[in-house]
Every structure is written in structure tokens, then in C-alpha cells.
Amino acid sequence: MRLETSFAAAALTLALPALAGAQAPPPSPAPTPPPRAVEARADQELKKMGEFLAKLPRFALEAEETFDEIPDGQPKMEMTNLRRVAVERPNHAASDATGDTLSRAAWYDGRTVTALDKESNVYAAIEAGGTLDATLDKLEDEYGVVLPLADFMYSDPYAVLMAGVTYGRYLGIHQAAGAPCHHLVFSQETVEWQIWIDAGDEPLPRKLVINYVQEPGEPKYSATIRRWSLDHKLPECLFTFEAPEGAQKIDAKAMMQRDERDEPQTNPAPGEGGR
């Protein structure tokens, strides 16, 4: 699951040269992966959802996100954003998010990812891969950015969601976003997460909750997807960035440094402040 690392602070790794003449220690044996205990029904419903999303040529959604901020020495606070996402496979996407913590939009036109901070009226552009999968991987690997709900945007959502899962259980039919849903719970090394999948003819995800159990205070992220649009052709202009009047272009890493400088000492919102 790509959101697994979203709340963790970015790690800085220093590569130290070996001491002259020092004997390298023997390589450590590869760690034994933990056993997987996933109920067949939980795996079946998640796979059905993943296959359904993978076959969609395009979709748009609107989600209400809530997440915890935990300032040092202060009570945990819950914040809310509204996020809209549009995808046209294999290489177009756009998103817009507004709310308590941000006002930002992003566009991917098959060649370039552009992010606009609407409050500061600054934007940054990154040369991207030829597919949405490659672009999402590049954003995470090179810039430490994991986009919220990105798991659903990949060409194989099931494989992305199940990576690293050690436990899964089917909890029954429960309500989410006004619809009866298959309620599933899963565990990975650093997170526990739940997903509600529409029990009707279209197995769409309706709600996602992630608990970051190894972070101080165990912060939680939740997204309730209130609207899906699957049938309408998305206009090309939706994925094309046009700079607002007076907008200033800055380096992508400079934009992230601005985020880190301006942000209070809390866990970042999923996908907005790094891994």
C-alpha cells in the first residue's frame, strides 16, 4: 500500500566510505517475511474491486479526507480537506484539494506533472514518465511524495494494496458513504487499514481508513468517497495546466522546502508533506 509511509518523516541516509584495510562484515541473512494470514473472502473482495478499477478507462471522484495533526505538547487535532481526482488511463490525471491545511492543485498531461499552491500563487513542474504508474513511482522515489488515494490510480490497484499485507479479515456488510459495503481490515508492518467496498454491481471503494500504528500518537487518515463518475468523457483541458495571472514558477524541491519551513512540527497530511 503506497500510503503506508505517508505520515513518516523523510529519512536522510549517509553513505560512509569503508575504512581502509577494514574487513567488511559478512552479509546479514535476508529477513524472513512474516507469514500472511488473509481470509479468502477479504482477498476475494479486494481483488474484485482492484480488477474493476483497473478496467476503467477513466474516472473521477470526490472525497472528504480527515486526518490527525499532533503538535508537540498539544492534544491531537482532526483536520479536514475536500479532494477531487480525475484519471484517464494510461497517462492523464488531475487533482484539486482544499480545506483546513492546503489549497493545491496538480495536473499530469502525460509528459509533465505541475503542482500549484493556490494560496501562494507559485507552481512547480516535474518531467514525468510516460505512464501514470511510472509517474506516481517517480514522485515517491525521487521527491518523497505519496499522493492520497494514489493506490486506486495504479493500473493494478489490487497488487499495490496487497504489497506487504500480513493479515486480512472480512468483517461483513456495513454502511459507508450511504451504501452497503463489504468491510475489510488489513495489516502491514507499519499500518493497519480498513476499506469499505460497495456491495452493489460496481465494487467501488467508498471509504478508506489508515492507522499509522508505529507513529507517535498513532495518527489516523480517513477518506470517504462521496461521489464517483465513470461514464463521461473527461475534457482534455482538465489535464492541462495554465498558469494563473501573476503566478511564479519555482523549483519543485524549493516548493517542498517551503512546505517544510512553513509547516508546524506535526505529522504531515498524507501525501502533501513527504513520506
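All heavy atoms count here, side chains included; hydrogens, waters and symmetry mates do not.
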Q: Inspect the contact between Glu45 and Arg41 and indicate whether a charged nitrogen and a carboxylate oxygen are less than 4.0 angstrom apart.
A: yes
Q) Is there a side chain to side chain contact (heavy atoms under 4.5 Å, CB included) between Leu204 and Leu230 once you walk through the steps? A) CA-CA 10 Å; Leu204 292 164; Leu230 311 180; 4.1 Å; yes
Should [X] and [Y] count as side-chain neighbours, where that means a heavy-atom distance under 4.5 Å?
X: Gln194; Y: Leu208; answer: no
X: His92; Y: Glu236; answer: yes
X: Leu53; Y: Pro205; answer: yes
X: Glu62; Y: Leu82; answer: yes
X: Val87; Y: Phe152; answer: no
X: Arg84; Y: Ser95; answer: no
X: Leu116; Y: Thr114; answer: no
X: Val185; Y: Glu192; answer: no

Spacing of [X] atom [atom1] and [Y] atom [atom2] [to the nearest 0.5 Å]:
X: Arg83; Y: Thr98; atom1: CZ; atom2: OG1; answer: 9.5 Å
X: His183; Y: Arg169; atom1: NE2; atom2: CZ; answer: 10.0 Å
X: Phe67; Y: Ser222; atom1: CZ; atom2: OG; answer: 11.5 Å

If you take all heavy atoms of [X] and [Y], which pair is closest and at what distance?
X: Glu119; Y: Asp117; value: N-OD1, 3.1 Å
X: Pro216; Y: Ile70; value: O-CD1, 3.3 Å
X: Trp193; Y: Val165; value: CZ2-CG2, 4.1 Å
X: Ala252; Y: Tyr143; value: CB-CE2, 4.0 Å
X: Phe186; Y: Gly168; value: CD2-CA, 3.6 Å
X: Ala86; Y: Leu234; value: CB-CD1, 4.2 Å

**Q.** Transitive ILVMFWY cluster of Trp196, excluding itself - 4.5 Å side-chain cut-off
**A.** Val209
Q.
I'd like to know whether Val191 forms a side chain to side chain contact (heavy atoms under 4.5 Å, CB included) with Tyr221, so could you lay out the CA-CA distance, the side-chain angles of the two residues, the decisive distance to 0.1 Å, and finally the verdict.
A. CA-CA 11 Å; Val191 299; Tyr221 167 83; over 6 Å; no
Group every Ile, Leu, Val, Met, Phe, Trp and Tyr by side-chain heavy-atom contacts under 4.5 Å, then state whether [X] and [Y] land in the same group.
X: Leu61; Y: Tyr108; value: yes
X: Tyr167; Y: Ile210; value: no
X: Met49; Y: Leu171; value: no
X: Tyr154; Y: Trp228; value: yes
X: Leu56; Y: Leu132; value: yes

Would the distance check show the side chain of [X] and the main-chain N or O of [Y] forming a donor-acceptor pair, the cut-off being under 3.5 Å?
X: Asp100; Y: Asn81; value: no
X: Glu39; Y: Tyr170; value: yes
X: Asp68; Y: Lys220; value: yes
X: Asp151; Y: Leu161; value: no
X: Lys76; Y: Gly217; value: yes
X: Arg89; Y: Met153; value: yes
X: Asn121; Y: Glu245; value: yes
X: Gln188; Y: Ala163; value: yes

Q) Is a side-chain donor-acceptor pair under 3.5 Å present for Tyr158 with Glu51? A) no
Q. With Lys233, which residues qualify under side chain to side chain contact (heavy atoms under 4.5 Å, CB included), at least two apart?
A. Arg58, Glu88
Q: Starting from the C-alpha separation in whole Å, work towards a yes-or-no answer on side chain to side chain contact (heavy atoms under 4.5 Å, CB included) for Leu136 and Val146.
A: CA-CA 8 Å; Leu136 293 170; Val146 182; over 6 Å; no
(Q) Let's go through Lys138 and Ile126 carefully: what are the C-alpha distance in whole Å and the side-chain angles of both, what is the deciding distance for side chain to side chain contact (heavy atoms under 4.5 Å, CB included) to 0.1 Å, and is it a yes or a no? (A) CA-CA 10 Å; Lys138 179 174 182 174; Ile126 300 170; 4.2 Å; yes
Q.
If you count heavy atoms of other groups shown closer than 6.0 angstrom to CD of Glu242, is the number above 12?
A. no
Q | Partner set under ring pair (Phe, Tyr, Trp, His ring centres under 6.0 Å) for Tyr123, not counting sequence neighbours | A | Phe241
Q | Counterpart residues, salt bridge (Lys or Arg N to Asp or Glu O under 4.0 Å), relative to Lys249 (two or more places apart) | A | none
Q: Any pair with a residue in residues 197-210 that passes side-chain hydrogen bond (donor to acceptor under 3.5 Å, both in side chains), sequence neighbours left out, goes on the list, sorted by first then second residue, please.
A: Asp198-Arg206
Q: Please identify each residue that fulfils side-chain hydrogen bond (donor to acceptor under 3.5 Å, both in side chains) with Lys118, with sequence neighbours left out.
A: Asp96
